[in-house]
Amino acid sequence: MTTSKQNPPTLAKSRKGLHPGVIVCFVLMGFVALLISSFLIWRFRLSSQMSARLSAIRNAGEPTTTRELDHYYAAVPEAENAAVVWMKGLEKLNPPYDKNQPTAWGKIKLPERGRRLGELQKASQILRDNEEAMKIFRTAARTSKSRYKVDLSGGPSVELPHLSAIKSAGSLLRLGALVAAQTGESDESAEAIRDVIGAAESLRAEPLLISQLVRFSLHSIAGLAAQSTLNLIPLQESKLAMLQKAFEEAEDKQSIYRALVGERACSATYLLHPDQVPLPALSADPQQDQKRAGGIKGLISPTMRMSGFFQRDGVFFLDAMATNLAVAQLPDPDRFKSRHAMDSLELKARKGYYIM
């Protein structure tokens, strides 16, 4: 009997690899996880950078929001406030001031330096009609502290009706200086020039660029009034000394710095805290109002806030403003020589697509 030996069957080991689709899924998940983690790290870095810059500004005692800016514009007791007196004078103007209408004194053609006023009689009547207002202006011009009643927490929507009004008052005072010089009243002419400088200085502490530009414009009006007067009539030495002192004291090297501090707070609020920006006042154009309101609502959108877009622009903006503020504190002529800093910032903004 033969016995046949049968070998047991060999079990083939099957080693099946992962399905290609599964591999692709894992790769995609890893890529998405990498993107999300990179985005979160980027957002964390942005938040840290922003917090560091804002903390440095606050530690310097400067505002980072429009609400802080409103407190930064120091309050003045009403009894010591030149702005209150200026506003009382503006209320006495005849005819009443209307920013949408040309003033009577604005229609008077002022002569070139050294020439006489052709409409002297008409100008003199305008001054007589506004005698009460000009007396109040003189009192206001002798008061040093000033704070106009504006709410700067409104940011871009803040209304500043006093700016055009006070500039108009300066033009009226300039006309008064010219008429006084032409009629031989040298002391009165010098005092009127001093009053124009006083109008400018009522805006000295207002931390907005537009306010400082109006202030500079009033300084220019005072300078032109002084030139016209000195070309028509000699002034007593005491009056010349008075005007020299007034012009010297009006020089404020911190004015541009203060204005940029205010602009930084307004823009930072718009970029970083749009929920604090009130909706713009209604105008005569409902479509435009709706567009502006929609723009602010878009800034508040959670999706836009989460994107990091505004924080990214905000960091660049604060760095750019730090450069501008440093330049503003340079002495002349170094400030003018540093113009290349602005060109460099503009180039960086274009290359980095810093839209806001």
Peer 1: Would you check, one step at a time, whether the test side chain to side chain contact (heavy atoms under 4.5 Å, CB included) holds for L172 with L93?
Peer 2: CA-CA 10 Å; L172 176 62; L93 288 176; 3.8 Å; yes
Peer 1: Would you check if the side chain of R258 reaches a backbone N or O of R204 as a donor-acceptor pair within less than 3.5 Å?
Peer 2: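 Such a contact is found between R258 side chain and R204 backbone.
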Peer 1: Is it the case that the side chain of S211 and the backbone of P207 share a donor-acceptor pair, with hydrogens and angles ignored and the cut-off at 3.5 Å?
Peer 2: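 It does not hold such a pair.
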Peer 1: Could you tell me whether a side-chain N or O of T183 sits under 3.5 Å from a main-chain N or O of A180, the two making a donor and an acceptor?
Peer 2: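 Such a contact is found between T183 side chain and A180 backbone.
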Peer 1: Rounded to the nearest 0.5 Å, what's the gap from CZ on R45 to CD on Q311? Could you check?
Peer 2: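 That separation rounds to 14.5 Å.
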Peer 1: Can you check whether L120 reaches V179 side chain to side chain, under 4.5 Å on heavy atoms?
Peer 2: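 Yes, close enough: below the 4.5 Å cut-off.
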Peer 1: Is the shortest heavy-atom distance from the side chain of T143 to the side chain of V84 under 4.5 Å?
Peer 2: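 Of all side-chain heavy-atom pairs linking V84 with T143, none is under 4.5 Å.
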Peer 1: State plainly whether one hydrophobic cluster holds both L232 and L127, where clusters connect Ile, Leu, Val, Met, Phe, Trp and Tyr through side-chain heavy atoms under 4.5 angstrom apart.
Peer 2: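 Same cluster: L232 reaches L127 through Ile, Leu, Val, Met, Phe, Trp or Tyr contacts under 4.5 Å.
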Peer 1: Answer yes or no: is there a donor N or O on one side and an acceptor on the other, between the side chain of W105 and the main chain of L173, under 3.5 Å?
Peer 2: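 Not a single qualifying donor-acceptor pair exists.
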Peer 1: Just do the side chain to side chain contact (heavy atoms under 4.5 Å, CB included) check on K348 and S344 with the steps written out, would you?
Peer 2: CA-CA 6 Å; K348 187 175 180 181; S344 176; 5.6 Å; no
Peer 1: Are any side-chain N or O atoms of T269 and backbone N or O atoms of T66, one a donor and one an acceptor, separated by less than 3.5 Å?
Peer 2: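 Flag set: sc T269 to bb T66 pair under 3.5 Å.
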Peer 1: Quick check: do P20 and V24 have side-chain heavy atoms less than 4.5 Å from each other?
Peer 2: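 No; the side chains remain at least 4.5 Å from each other.
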Peer 1: Is there a donor-acceptor contact under 3.5 Å from the side chain of T323 to the main chain of D319?
Peer 2: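 Checking the backbone N and O of D319 against the side chain of T323, a donor-acceptor pair under 3.5 Å is found.
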Peer 1: Assess the residue pair L208 and E263 against the criterion (side chain to side chain contact (heavy atoms under 4.5 Å, CB included)); give the C-alpha distance rounded to whole Å, side-chain angles, the decisive distance to 0.1 Å, and a yes or no.
Peer 2: CA-CA 6 Å; L208 293 175; E263 296 301 320; 4.0 Å; yes
Peer 1: Group every Ile, Leu, Val, Met, Phe, Trp and Tyr by side-chain heavy-atom contacts under 4.5 Å, then state whether L345 and V327 land in the same group.
Peer 2: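 No, separate clusters.
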Peer 1: Examine distances only and state if a side-chain atom of Q212 and a backbone atom of L203 form a donor-acceptor pair shorter than 3.5 Å.
Peer 2: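 Side chain of Q212 to backbone of L203: a pair is present.
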Peer 1: Taking the side chain as every heavy atom from C-beta outward, state whether L110 and L224 have any pair of such atoms under 4.5 Å apart.
Peer 2: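 A side-chain contact is absent here, since even the closest heavy-atom pair is not under 4.5 Å.
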Peer 1: Give the minimum heavy-atom separation between P111 and L117, together with the two atoms involved.
Peer 2: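 Taking P111 first and L117 second, the nearest heavy atoms are CD-CD1, 3.6 Å.
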Peer 1: Looking only at non-hydrogen atoms, find the nearest pair between P63 and I57 and report the distance.
Peer 2: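 Minimum heavy-atom contact is O-CG2, 3.7 Å.
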Peer 1: Using distance alone, with no hydrogens and no angle criterion, decide if K239 and S186 have a side-chain donor and acceptor under 3.5 Å apart.
Peer 2: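 Distance-only check fails for K239 and S186.
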Peer 1: Would a 4.5 Å heavy-atom cut-off, applied to side chains only, mark S146 and N81 as touching?
Peer 2: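 They are in contact (side-chain heavy atoms under 4.5 Å apart), so the answer is yes.
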Peer 1: Using a strict cut-off of less than 4.0 Å between a Lys/Arg side-chain nitrogen and an Asp/Glu carboxylate oxygen, indicate whether E188 and R138 qualify as a salt bridge.
Peer 2: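 Looking at E188 and R138, the cut-off is met.
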Peer 1: Quick one: closest heavy-atom pair of S267 and F317, and the distance?
Peer 2: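 Looks like CB-CZ, 3.3 Å.
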Peer 1: Is any side-chain heavy atom of M134 less than 4.5 Å from a side-chain heavy atom of K92?
Peer 2: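 Of all side-chain heavy-atom pairs linking K92 with M134, none is under 4.5 Å.
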Peer 1: Do the non-hydrogen side-chain atoms of T103 and S171 ever get within less than 4.5 Å of each other?
Peer 2: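 They are not in side-chain contact.
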Peer 1: Counting only heavy atoms from other residues, nucleotides and ligands, does the tally under 6.0 Å from CZ of R58 exceed 12?
Peer 2: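 Yes, CZ of R58 has more than 12 neighbouring heavy atoms, counting only those of other groups under 6.0 Å.
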Peer 1: OG/S338 to CG/L330 distance, rounded to the nearest 0.5 angstrom?
Peer 2: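 With rounding to 0.5 Å, OG (S338) is 5.5 Å from CG (L330).
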Peer 1: List the atom of F216, the atom of S255, and the distance in Å for their closest heavy-atom pair.
Peer 2: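 That would be CZ-OG, 3.6 Å.
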Peer 1: Which pair of heavy atoms, one from T229 and one from A177, lies closest together, and at what distance?
Peer 2: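 Minimum heavy-atom separation between T229 and A177: OG1-O, 3.9 Å.
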Peer 1: So, does S228 use its side chain to make a donor-acceptor pair with the main chain of A225 at under 3.5 Å?
Peer 2: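 No, the answer is negative, given that no donor and acceptor are paired below the 3.5 Å cut-off.
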Peer 1: Are F31 and L40 grouped together when hydrophobic residues (ILVMFWY) are joined by side-chain heavy atoms under 4.5 angstrom apart?
Peer 2: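 Hydrophobic grouping puts F31 apart from L40.
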Peer 1: Which value, rounded to the nearest 0.5 Å, describes the distance between M242 atom CE and I193 atom CD1?
Peer 2: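 Nearest 0.5 Å value for the CE-CD1 distance: 7.5 Å.
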Peer 1: Kindly compute the distance separating CD1 (I36) from CZ (R43), expressed to the nearest 0.5 Å.
Peer 2: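 If we round to the nearest 0.5 Å, I36:CD1 and R43:CZ are 14.5 Å apart.
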Peer 1: Give a yes or no on whether L90 and L160 share a hydrophobic cluster (residues Ile, Leu, Val, Met, Phe, Trp, Tyr; joining criterion: side-chain heavy atoms under 4.5 Å apart).
Peer 2: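 Yes: a chain of side-chain contacts under 4.5 Å links L90 to L160.
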Peer 1: Whether the side chain of Q49 engages the backbone of V315 through a donor-acceptor N/O pair (distance < 3.5 Å, no angle test) should be reported.
Peer 2: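 Pair absent, no side-chain N/O of Q49 close to backbone of V315.
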Peer 1: Between CD1 of I136 and CD of E91, what distance do you get to the nearest 0.5 Å?
Peer 2: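 Reported to 0.5 Å precision, the distance equals 8.5 Å.
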Peer 1: Is the shortest side-chain N to carboxylate O distance from E62 to R264 below 4.0 Å?
Peer 2: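 So E62 pairs with R264 through a salt bridge.
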Peer 1: Checking Q125 against Q121: is there a side-chain donor and acceptor pair closer than 3.5 Å?
Peer 2: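 Side-chain D/A pair, Q121 to Q125: absent.
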Peer 1: Does the ring of Y73 carry R147 above it, NZ/CZ under 6.0 angstrom from centre and within 45° of its axis?
Peer 2: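 Verdict for Y73: a cation-pi partner in R147.
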Peer 1: Please check if the side chain of S48 supplies one atom and the backbone of F44 the other of a donor-acceptor pair under 3.5 Å.
Peer 2: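 Yes; at least one donor-acceptor contact below 3.5 Å.
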Peer 1: Are Y148 and L163 connected, step by step, through hydrophobic side chains (Ile, Leu, Val, Met, Phe, Trp, Tyr) whose heavy atoms are closer than 4.5 Å?
Peer 2: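 Looking at the clustering, L163 is in the same group as Y148.
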Peer 1: Would the number of heavy atoms belonging to other residues, nucleotides or ligands and lying under 6.0 Å from CZ of R128 be above 12?
Peer 2: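 Yes, CZ of R128 has more than 12 neighbouring heavy atoms, counting only those of other groups under 6.0 Å.
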Peer 1: Between E201, E80, E191, which is the residue that forms a salt bridge (Lys or Arg N to Asp or Glu O under 4.0 Å) with R142?
Peer 2: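 Of the listed options, the one satisfying the test is E191.
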Peer 1: Please test F316 against R312 for side chain to side chain contact (heavy atoms under 4.5 Å, CB included), starting from the C-alpha separation and ending with a verdict.
Peer 2: CA-CA 7 Å; F316 174 76; R312 176 179 177 271; over 6 Å; no
Peer 1: Taking all non-hydrogen atoms of both residues, which atom of D70 and which atom of S153 are closest, and how far apart?
Peer 2: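 Taking D70 first and S153 second, the nearest heavy atoms are CB-N, 4.0 Å.
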Peer 1: Can you tell me how far apart CG (N324) and OH (Y257) are? Round to the nearest 0.5 Å.
Peer 2: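 Going from CG on N324 over to OH on Y257, the span is 11.5 Å.
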